[in-house]
Amino acid sequence: MTEPGSGNVRVRFAPSPTGYLHIGGARTVLFNWLLARKSGGSFVLRIEDTDRTRHVDDSVQKILADLRWLGLTWDEGPEAGGDVGPYFQSERLPIYNEYLAKLLASGDAYYAMETPEELQAMREKARTEKRVLSYDRPNPLPTIEQGESARKDGRPVVVRFKMPGEDITVHDDILGDVTLASGQIEDFVIQKSDGFPTYHFACVVDDELMKITHVLRGQEHLMNTPKHVAMQRALGFATFHYAHMPVIFNMNGSKMSKRDKEKALKKGEPPPEIDVNDFRVAGYLPEAVVNFIALLGWNPGDEREHFSLDELVKTFTMERVGKTNAKFDREKLLAFNTNWAASLDFDRLFEAFCDYLSVATDIPQGVRDADEAKLRDALKACLGLRIFPDVVKKVGFVFAPDSDTEYDPKAVKKVLAKNDGAGFAMLELVSAKLETLADWSTSSIEQLIKDVCEEKEIKMGNVAQPLRVAVSGSTISPAIGETLVLLGKDSTLARIRKCLTIRDTQ
RNA sequence: GCCCCCAUCGUCUAGUGGCCUAGGACACUGGCUUUUCAUGCCAGCGACAGGAGUUCGAGUCUCCUUGGGGGUGCCA
């Protein structure tokens with residue numbers, strides 16, 4: 001495959017607007033994007049909206065948002081413009097018709113008038129007869145006049161490409177040469193009865209007109225390539241570089257599909273993340289997602305695993321893209337996320353956290369409304385986090401009204417009520433001292449606790465844990481000094497008082 | 001069914017005929033650190049799908065078998 005220095009590399013990602021960007025699609029974009037950035041070429045985004053029945057409103061905006069979240073910018077396409085637009089296939093119908101007329105005129109394509117029912121019957125017949133091709137090319141072929149008049153009469157008319165009767169060998173930059181014997185591909189539809197081109201046709205015309213030099217796509221397209229090459233030859237187009245990447249599966253070997261979410265929901269399980277947006281909403285860092293999917297099918301050849309987008313641009317080469325299908329290991333992604341959360345500079349981490357708060361659906365109002373400075377401190381207190389929901393779990397109580405504190409019975413029993421209420425007694429003792437503490441800072445609070453420990457000859461946990469349960473209701477919170485500072489003196493004392501009132505109910 | 005692609009630890013992978021006693025990462029197990037939850041640190045477990053060749057020598061090359069995946073749409 002062409003590498004840096006060769007110049008003029010143009011790649012494209014061509015999603016159809018049927019929903020959010022799938023995580024597998026994200027990897028396809030990433031590799032295309034890397035190829036473009038690496039070679040100083042251009043990355044083109046083209047919207048393949050030729051199927052009006054599957055079109056989902058808003059999905060273009062969603063896909064653009066997903067790409068932006070990942071940091072994968074496009075040079076040409078929606079909102080960016082470019083010299084070879086329009087970049088929506090639905091706006092290119094006259095262009096397709098022009099090339100369609102050429103194919104019709106040269107006899108490389110012909111009108112066909114079978115109904116869907118007839119085609120279905122042909123397929124079944126071919127199956128019972130164990131024939132490879134189900135579509136029988138009509139003999140003689142309908143003339144252009146017949147096709148056009150049938151269309152005028154309102155009958156369903158499509159245009160089919162006449163597959164040449166010769167073997168087609170495609171060079172794939174990942175897989176090597178792939179040869180498909182003649183007679184393995186039937187005459188396929190290139191224009192639907194609604195006048196829209198099919199994917200195969202639009203894609204071939206657009207890639208040529210948009211001067212694409214490298215097509216890097218999923219392996220599910222491998223068998224389409226000979227069709228595309230046949231059309232390129234008929235149209236006098238050049239054939240460029242093709243590369244087909246391995247597919248990404250679930251850990252159990254099934255396809256990662258939107259259906260997985262519905263299935264899990266039905267079983268009462270949390271839905272797995274499938275689309276890029278799912279990972280965003282679930283509180284993953286885009287850095288971690290990018291890093292992880294980059295390593296699904298590519299590796300640097302040494303033992304490095306931690307890569308930012310910039311580092312990937314420097315390191316990525318097509319030679320190191322593998323051929324084997326990969327399973328999506330969510331545990332490993334979580335580990336990557338943990339690493340990234342630890343290595344990102346704090347401003348960036350906070351920015352990502354705010355993004356999470358703005359898109360996640362189950363953020364408590366108190367956290368949503370929290371002021372920035374306090375939120376920053378709260379996040380800082382949670383370093384070591386694996387994923388953003390951990391933060392809300394750990395410090396969410398700080399942002400709730402004092403009166404909302406709910407005490408986990410288990411925590412109360414274990415930490416406060418046990419040993420004749422030793423924890424409650426400790427609370428009384430410590431709250432009195434805290435009340436007189438002038439400097440409400442992490443260091444002085446911790447010093448105060450240490451002093452108590454020394455005085456009473458007890459361990460930190462004997463003091464910190466009762467305090468933790470008293471102010472949070474549970475045994476989970478940041479370090480106790482940071483927790484109390486986040487809360488402030490008034491809330492701390494109020495919550496301890498409230499906690500002491502439950503002693504009598506024990 | 002037919003066509004095409006693929007094949008190293010549970011998972012992602014390194015390995016391009018001798019550097020392989022098969023390396024790393026995640027997970028797992030055990031230990032350490034620790035005021036909770038996390039984090040962090042150390043150690044251990046763990047793979048060349050099977051069979052024929054080629055070669056002085058094969059995880060690496062060839063063939064077969066098996067297994068997995070993709071395609072076989074007026075979806076992309």
Side-chain angles (χ1 to χ4, degrees), chain A residues 14-16 18 48-51 53-54 112 114-116 119-120 123 126-128 130-134 156-160 172 174-176 178-181 183-186 188-194 196-200 202-203 217-226 244 246-247 249 251 253 255 292 295-306 322-336 338 341-342 382-386 390-391 393-394 411 415 446 449-450 453 459-469 472 474-481 483:
Chain A
S16 66
T18 55
E48 306 217 324
D49 53 351
T50 54
D51 186 351
T53 60
R54 296 212 316 167
E114 293 80 9
T115 63
L119 292 173
Q120 188 53 37
R123 255 175 234 126
R127 208 185 49 215
T128 57
K130 296 191 173 179
R131 277 185 294 120
V132 174
L133 305 187
S134 65
V157 175
V158 300
V159 176
R160 283 181 186 264
D172 184 289
I174 294 172
L175 267 13
V178 178
T179 301
L180 204 65
Q184 284 300 133
I185 304 176
E186 63 190 24
F188 53 95
V189 174
I190 58 177
Q191 187 194 43
K192 308 178 215 180
S193 54
D194 66 3
F196 276 68
T198 59
Y199 156 73
H200 300 297
C203 162
R217 68 219 317 192
Q219 226 170 70
E220 65 271 18
H221 286 293
L222 183 58
M223 291 295 99
N224 293 155
T225 311
H244 292 86
V247 185
F249 296 96
M251 283 302 278
K255 274 198 206 179
F292 181 72
L295 259 13
L296 242 37
W298 172 87
N299 74 80
D302 52 39
E303 284 167 2
R304 284 176 297 165
E305 284 207 313
H306 193 268
K323 306 176 180 180
T324 44
N325 290 165
K327 289 178 183 163
F328 195 91
D329 187 348
R330 292 162 194 283
E331 297 286 352
K332 187 153 182 171
L333 171 61
L334 222 208
F336 270 58
T338 307
C382 293
L383 292 178
L385 68 112
R386 293 174 71 70
D390 294 349
V391 176
K393 261 180 233 154
K394 200 165 173 176
V415 176
E446 281 177 357
I449 293 172
K450 271 181 201 153
C453 289
K459 287 185 185 171
M460 288 284 277
N462 290 304
V463 185
Q465 282 300 80
L467 278 171
R468 179 168 281 119
V469 174
S472 75
S474 79
T475 57
I476 300 171
S477 91
I480 197 63
T483 301

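Below, chains carry the letters A, B, ... as their sequence lines are ordered, and counting in each starts from 1.
Residue A:Ser472 is out of contact with every strand shown, counting any heavy-atom pair closer than 4.0 Å.
Remark: A:Ser474 pairs with A:Ser472, A:Ile476 by the side chain to side chain contact (heavy atoms under 4.5 Å, CB included) rule, at least two apart or across chains. Contacts of A:Thr198 classified as side chain to side chain contact (heavy atoms under 4.5 Å, CB included), with partners at least two apart in sequence or in another chain: A:Val189, A:Ile190, A:Lys192, A:His200, A:Phe201. In terms of the ring-ring contact (aromatic ring centres under 6.0 Å, His included) criterion, A:Phe196 has no residue partners (sequence neighbours excluded). Under the salt bridge (charged side-chain N to carboxylate O under 4.0 Å, His left out) criterion, A:Arg330 pairs with A:Glu273, not counting sequence neighbours. For A:Lys323, the side chain to side chain contact (heavy atoms under 4.5 Å, CB included) partners are A:Ile174, A:Leu175, not counting sequence neighbours. Applying the ring-ring contact (aromatic ring centres under 6.0 Å, His included) test to A:Phe336 and every residue at least two apart in sequence or in another chain returns A:Phe292. Considering only residues two or more places apart in sequence or on other chains, A:Phe249 meets the ring-ring contact (aromatic ring centres under 6.0 Å, His included) condition with none of them. By the side chain to side chain contact (heavy atoms under 4.5 Å, CB included) test, A:Arg54 pairs with A:Ser16, A:Thr18, A:Asp51, sequence neighbours left out. Residues meeting the side-chain hydrogen bond (donor to acceptor under 3.5 Å, both in side chains) test with A:Gln184, sequence neighbours left out: none.
When the P atom is compared between B:rU62 and B:rU8, the two are found 16 Å apart, to the nearest whole Å. Taking atom C1' in both B:rG70 and B:rC28, one finds a spacing of 33 Å when rounded to whole Å. Between B:rA49 and B:rU13, the distance separating the two P atoms is 15 Å to the nearest Å. With both ends at atom P, the span from B:rG18 to B:rA38 equals 47 Å, rounded to whole Å. The gap from the C1' atom of B:rG15 to that of B:rG53 amounts to 23 Å, rounded to the nearest Å. B:rC9 and B:rC48 are spaced 7 Å apart, taking the P atom of each and rounding to whole Å. Spacing between B:rU16 and B:rG59 at atom C1', rounded to whole Å, works out to 11 Å. Using atom C1' as the reference point in both B:rU55 and B:rC63, the two lie 16 Å apart (nearest Å).
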Each nucleotide of nucleotides 33-40 of chain B classed B (base within 4.0 Å of a protein heavy atom), S (only sugar-phosphate) or -, in 5' to 3' order, makes --BBBBSS
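Between A:Lys332 and A:Glu305 there is a salt bridge, with a side-chain nitrogen of the basic residue lying less than 4.0 Å from a carboxylate oxygen of the acidic one.
Pairing for B:rC19 is absent, judged as Watson-Crick or G-U wobble with the two contacts each under 3.5 Å. For B:rA14, there is no paired nucleotide, since no Watson-Crick or G-U wobble pair has both relevant distances below 3.5 Å. Under the Watson-Crick or G-U wobble criterion, with both distances below 3.5 Å, B:rU34 is left unpaired in every strand shown. If you check B:rG53 for Watson-Crick or wobble pairing at under 3.5 angstrom, you find it paired to B:rC61. When both pairing distances are held under 3.5 Å, B:rC28 makes a Watson-Crick or G-U pair with B:rG44. Pairing for B:rU72 goes to B:rG1, judged as Watson-Crick or G-U wobble with the two contacts each under 3.5 Å.
Although no hydrogens or angles enter the test, the distance criterion places a donor-acceptor pair under 3.5 Å between the side chain of A:Thr483 and the main chain of A:Pro478.
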N/O-N/O pairs, protein side and nucleotides 10-14 of chain B side, under 3.5 Å:
from	atom 1	to	atom 2	distance (Å)
B:rC12	OP1	A:Lys327	N	3.1
B:rC12	O2'	A:Leu295	O	3.0
B:rC12	O2	A:Lys332	NZ	3.2
B:rU13	OP1	A:Gly297	N	2.8
B:rU13	O3'	A:Asn299	ND2	2.8
B:rA14	OP1	A:Asn299	ND2	2.6
B:rA14	O3'	A:Arg320	NH2	3.4

Atom pairs, protein N/O to nucleotides 70-76 of chain B N/O, distance under 3.5 Å:
from	atom 1	to	atom 2	distance (Å)
B:rG73	OP2	A:Arg123	NE	3.4
B:rC74	OP1	A:Arg123	NH2	3.1
B:rC74	O2	A:Ser193	N	2.7
B:rC74	O2	A:Ser193	OG	2.9
B:rC74	N3	A:Ser193	OG	3.1
B:rC74	N4	A:Glu114	O	3.2
B:rC75	OP2	A:Lys192	NZ	2.8
B:rC75	O2'	A:Asp51	OD2	3.3
B:rC75	O2'	A:Arg54	NE	3.2
B:rC75	O2'	A:Arg54	NH2	3.3
B:rA76	OP1	A:Thr50	OG1	2.7
B:rA76	OP1	A:Lys192	NZ	2.8
B:rA76	OP2	A:Tyr199	N	3.0
B:rA76	O3'	A:Glu48	OE1	2.8
B:rA76	N6	A:Asn224	OD1	3.2
B:rA76	N6	A:Asn224	ND2	3.4

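In this structure, the side chains of A:His244 and A:Thr225 come closer than 4.5 Å at one or more pairs of heavy atoms.
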